[in-house]
Amino acid sequence: MPKGLQEMKFRSEFEPYLLTIQHNSKKPLTKWSPQSGGDGGRNWLRRPDHFNIAVILAPYSPYFVLDIDGEKGYKNLQGLQIVYGKLPRTFTVKSPSGWHYYFRYQQGIKRSIGWLAPSIDIICHGYTLLPGSVIDGKRYEVLDDVAIVSAPNWLIRLASNTSKQIDMPAKNKTAAQYDGEDYEFKVWRARKYVEKMPPAVQGQGGHTQLLRVCYVLVHKFQLNDADCRDILMEYNTRCEPPFTSHRELFRKISETRKYHE
């Protein structure tokens, strides 16, 4: 591998897929299409202080990128990991606006913008800038220089699914923001969390279990009363027996708020 690339901490496996990019830009230096492949960074090596550098992504290379945009994207990624499990360590780049997690591509993974969650994108069918690139004075830098690994099964499943079978929040609504996290996504995450909680069973601490669910909705996720009621109604269908008085059921929400105060 050329010395210049080694100094930038590029992984040697990137070399066949490198592409020289214009100065302070994300546009290729020369006319390019995915089928044409990369230039191995040859043009960039001649003037690394003047050009940017990128790596071609799947399906024309073995990689795709999980792109996390800003603090909102990072908080939403934490939400996904709470529901599905933690991401493994993999080669990670700090971009000017967020983080790029590199993973091994698998057939079926699709490019998506904000479909997994707000401010979280799947990047493939193109290229992405690598460390050493600079946009408006802000550099791409290596954050975790480890081997690129396969994505976890849950990420592959979500990234391969473009249907509505996963009950993701609508992307055409402007939701309120709480601590940087999209509120609709928070409601979705709370629903998934409660789905994993055991049902309230009469004679087996059912009342206490119901209060636990209310506590999660009210205090852990800080949902408003309307969303708490919707999720509680869904939870009630799993209770043994279900609560017949919805007024009594909803009163637990206000009781939980008062108890916390």
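What you see below is based on every heavy atom in this structure, not just the backbone, and it leaves out hydrogens, waters and symmetry mates. Position 1 is the first residue of the sequence, and the numbers go up from there.
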Handout entry: H219 side chain vs T256 backbone, donor-acceptor pair below 3.5 Å
Key = yes

Exercise for the section: Please list, chain by chain and in numerical order, all residues satisfying side-chain contact (heavy atoms from CB on, under 4.5 Å) with K27, sequence neighbours excluded. Expected result: Q22, S25

Practice task
Apply ring pair (Phe, Tyr, Trp, His ring centres under 6.0 Å) to Y74 and list each qualifying residue two or more places apart in sequence or on a separate chain.
Solution key: W99

Exercise for the section: Evaluate the side-chain proximity of L57 to Y17: yes if any heavy-atom separation is below 4.5 Å, no if none is. Expected result: no

Exercise for the section: Could you tell me how the ring of Y101 sits relative to the ring of F103: parallel (under 30°), tilted (30 to 60°) or perpendicular (over 60°)? Expected result: parallel

Exercise for the section: For H246, enumerate each residue passing the ring pair (Phe, Tyr, Trp, His ring centres under 6.0 Å) test, keeping only those at least two apart in sequence or located in another chain. Expected result: none

Handout entry: Counterpart residues, side-chain contact (heavy atoms from CB on, under 4.5 Å), relative to D121 (two or more places apart)
Key = D67, I113

Handout entry: For Y127, the option from I21, V55, I53 that meets side-chain contact (heavy atoms from CB on, under 4.5 Å)
Key = I21

Problem - Heavy-atom check, side chain of I148 versus side chain of Y105, under 4.5 Å - result: no

Practice task
Considering non-hydrogen atoms only, spot the tightest contact between P88 and V149 and give its length.
Solution key: CG-CG2, 3.9 Å

Exercise for the section: Please report the closest heavy-atom contact between T20 and D39, naming both atoms and the distance. Expected result: OG1-OD2, 2.9 Å

Problem - side-chain contact (heavy atoms from CB on, under 4.5 Å) against K138, all qualifying residues, sequence neighbours excluded - result: P96

Completion exercise
In this structure, NE2 of H125 is separated from CZ of F64 (nearest 0.5 Å) by 11.5 Å

Practice task
Drop me the distance from L129's CG to N52's CG, to the nearest 0.5 angstrom.
Solution key: 5.5 Å

Fill in the blank from the handout: Taking every heavy atom of L232 against every heavy atom of C214, the minimum-distance pair comes out as CD2-SG, 3.9 Å

Exercise for the section: For the pair K110 (side chain) and G108 (backbone), establish whether a donor and an acceptor sit closer than 3.5 Å, ignoring hydrogens and angles. Expected result: yes

Handout entry: Aromatic contact, Y63 with F91 (centres under 6.0 Å)
Key = no

Practice task
Check the hydrophobic clustering (I, L, V, M, F, W, Y; side-chain heavy atoms under 4.5 Å; chains of links allowed) and say if L143 and V146 are grouped together.
Solution key: no

Practice task
Could you check if a side-chain atom of C239 sits within less than 4.5 angstrom of a side-chain atom of V201, using non-hydrogen atoms only?
Solution key: no

Problem - Sequence-distant partners of Y193, ring pair (Phe, Tyr, Trp, His ring centres under 6.0 Å), two or more places apart - result: F221

Practice task
List in chain and number order the residues that pass ring pair (Phe, Tyr, Trp, His ring centres under 6.0 Å) with F243, two or more places apart in sequence or in another chain; answer none if no residue qualifies.
Solution key: none

Fill in the blank from the handout: For residues 96-106, the salt bridge (charged side-chain N to carboxylate O under 4.0 Å, His left out) pairs (sequence neighbours left out) are E13-R104

Completion exercise
So OG1 of T30 and CG of N43: to nearest 0.5 Å the spacing works out to 6.5 Å

Practice task
Without swapping roles, check the side chain of S160 against the backbone of R157 for a donor-acceptor pair under 3.5 Å.
Solution key: no

Practice task
Verify side chain to side chain contact (heavy atoms under 4.5 Å, CB included) between D145 and V142, making sure each step is shown before the conclusion.
Solution key: CA-CA 6 Å; D145 189 16; V142 175; 3.7 Å; yes

Handout entry: V83 backbone acceptor or donor facing K196 side chain under 3.5 Å
Key = yes

Problem - Side chains of R47 and D49 in contact at under 4.5 Å (non-hydrogen atoms) - result: yes

Handout entry: Connected via hydrophobic side-chain network under 4.5 Å: L130 and V134
Key = no

Exercise for the section: Using salt bridge (charged side-chain N to carboxylate O under 4.0 Å, His left out) as the criterion, list what pairs up with R89, not counting sequence neighbours. Expected result: D144

Problem - Close side-chain approach of V218 to L223, heavy-atom, < 4.5 Å - result: no

Problem - Atom CD of E248: over 12 foreign heavy atoms under 6.0 Å - result: yes

Practice task
Keeping the roles fixed (side chain from R42, backbone from L19), state whether a donor-acceptor pair exists under 3.5 Å.
Solution key: no

Practice task
Enter the distance from N76:CG to D69:CG here, rounded to the nearest 0.5 Å.
Solution key: 10.5 Å

Exercise for the section: Any salt bridge (charged side-chain N to carboxylate O under 4.0 Å, His left out) involving residues 221-234? Give me the pairs, sequence neighbours left out, ordered by first then second residue. Expected result: R191-E234, D225-R257

Practice task
Please work out which of the three classes, parallel, tilted or perpendicular, describes the rings of F14 and Y102, given edges at 30° and 60°.
Solution key: tilted

Exercise for the section: Output the distance between atom OG (S112) and atom CD1 (I122), rounded to the nearest 0.5 Å. Expected result: 5.0 Å

Fill in the blank from the handout: So the salt bridge (charged side-chain N to carboxylate O under 4.0 Å, His left out) pairs with at least one residue in residues 57-66 (sequence neighbours excluded) are none

Practice task
Look up atom OG in S150 and atom CD1 in I156, then write down how far apart they are to the nearest 0.5 Å.
Solution key: 6.5 Å

Handout entry: Heavy-atom side-chain contact between L155 and L116 under 4.5 Å
Key = yes

Practice task
For residues K86 and W154, report the shortest heavy-atom separation together with the two atoms involved.
Solution key: O-NE1, 4.3 Å

Exercise for the section: For the pair H100 and Y140, name the ring-plane relationship: parallel under 30°, tilted 30 to 60°, perpendicular over 60°. Expected result: tilted

Problem - Closest non-hydrogen atom pair, L87 against P152 - result: CD2-CG, 4.0 Å

Exercise for the section: Would you indicate whether the side-chain heavy atoms of L77 and L66 approach each other to under 4.5 Å? Expected result: yes

Practice task
Verify the cluster assignment for F250 and M197: are they in a single hydrophobic cluster under the rule of side-chain heavy atoms below 4.5 Å apart?
Solution key: yes

Exercise answer: donor-acceptor pairs, residues 202-211 side-chain atoms, under 3.5 Å, sequence neighbours excluded:
residue, atom, partner, partner atom, Å
H207, NE2, K252, NZ, 2.9
Q209, OE1, R212, NH1, 3.1
Q209, NE2, P198, O, 3.0

Fill in the blank from the handout: K26 and I135 have their tightest heavy-atom pair at CG-CD1, 4.2 Å

Handout entry: Test side chain to side chain contact (heavy atoms under 4.5 Å, CB included) applied to I120 and L80, step by step
Key = CA-CA 10 Å; I120 296 181; L80 284 173; 3.9 Å; yes

